[in-house]
Chemist: 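Let me begin by handing over the structure; questions about it come next.
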Amino acid sequence: MLEKDINEIKISVARIEEKLKQFDSHVTMFMKFEDRLRVLENYKSRATGYVAALGAIGGLIAGILTKLI
């Protein structure tokens with residue numbers, strides 16, 4: 001009887017270990033996804049800055065051309 005209980009506990013522990021491995025795999029995948037997302041967010045911020053700078057330069061050039069004409 002005790003051996004049967006011990007075997008059931010071992011089986012349960014093995015199942016828990018497997019679930020923990022799967023969970024660890026999901027956490028690792030999530031961390032990689034989050035890293036990629038941060039890279040994209042940084043790119044988006046830089047691109048927005050570049051567009052704003054180009055817009056300002058374009059406005060300056062348009063203003064100068066308007067005064068010259």
Side-chain angles (χ1 to χ4, degrees):
M1 183 78 162
L2 184 60
E3 259 185 61
K4 184 179 177 186
D5 290 340
I6 291 172
N7 285 336
E8 287 180 14
I9 291 171
K10 286 180 180 179
I11 291 170
S12 294
V13 168
R15 287 182 185 153
I16 291 171
E17 286 176 340
E18 185 61 33
K19 294 287 182 185
L20 286 173
K21 286 178 187 175
Q22 290 175 0
F23 180 74
D24 185 52
S25 172
H26 289 281
V27 168
T28 302
M29 187 171 46
F30 175 76
M31 290 172 66
K32 288 179 183 178
F33 175 75
E34 187 175 352
D35 289 341
R36 285 184 279 169
L37 186 60
R38 287 178 195 260
V39 168
L40 288 173
E41 287 174 346
N42 287 335
Y43 175 75
K44 179 182 172 187
S45 297
R46 280 193 224 143
T48 302
Y50 293 146
V51 168
L54 287 175
I57 292 170
L60 178 65
I61 292 171
I64 291 172
L65 290 176
T66 302
K67 287 182 181 182
L68 291 177
I69 295 177

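Because the structure is predicted, anything quoted here is derived from the model rather than measured.
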Chemist: Quick one: does Val27's side chain get under 4.5 Å of Phe23's, heavy atoms only?
Modeler: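 A side-chain contact exists here, since the closest heavy-atom pair is under 4.5 Å.
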
Chemist: Look up atom CD in Glu8 and atom CG in Asp5, then write down how far apart they are to the nearest 0.5 Å.
Modeler: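 Answer rounded to 0.5 Å: 6.0 Å.
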
Chemist: Return the NE2 to CG distance between His26 and Asp24, rounded to the nearest 0.5 Å.
Modeler: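 Spacing of NE2 (His26) from CG (Asp24) equals 10.0 Å.
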
Chemist: Can you tell me how far apart OG1 (Thr66) and CD1 (Ile61) are? Round to the nearest 0.5 Å.
Modeler: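 Output value for this atom pair is 11.5 Å.
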
Chemist: In this structure, would Leu37 and Met29 fall into the same cluster of hydrophobic residues linked by side-chain contacts under 4.5 Å?
Modeler: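 Not linked; separate clusters.
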
Chemist: In Å, rounded to the nearest 0.5 Å, how long is the span from OG of Ser45 to CG of Leu40?
Modeler: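 Here the rounded value is 11.0 Å.
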
Chemist: Rounded to the nearest 0.5 Å, how far apart are CD1 of Ile6 and CD1 of Ile11?
Modeler: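 Ile6 CD1 to Ile11 CD1: 12.5 Å, rounded to 0.5 Å.
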
Chemist: Any chance you could measure Glu41, atom CD, to Glu34, atom CD, to the nearest 0.5 Å?
Modeler: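 Reported to 0.5 Å precision, the distance equals 9.0 Å.
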
Chemist: State plainly whether the residues Lys21 and Glu17 are in salt-bridge range, i.e. N to O under 4.0 Å.
Modeler: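 Looking at Glu17 together with Lys21, the answer is no, because their closest N to O distance does not fall below 4.0 Å.
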
Chemist: Val51 and Leu60: same hydrophobic cluster, using ILVMFWY side-chain contacts below 4.5 Å?
Modeler: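 Different hydrophobic clusters.
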
Chemist: Evaluate whether atom CD of Glu3 has more than 12 neighbouring non-hydrogen atoms of other residues, nucleotides or ligands under 6.0 angstrom away.
Modeler: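 Not more than 12 within 6.0 Å, no.
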
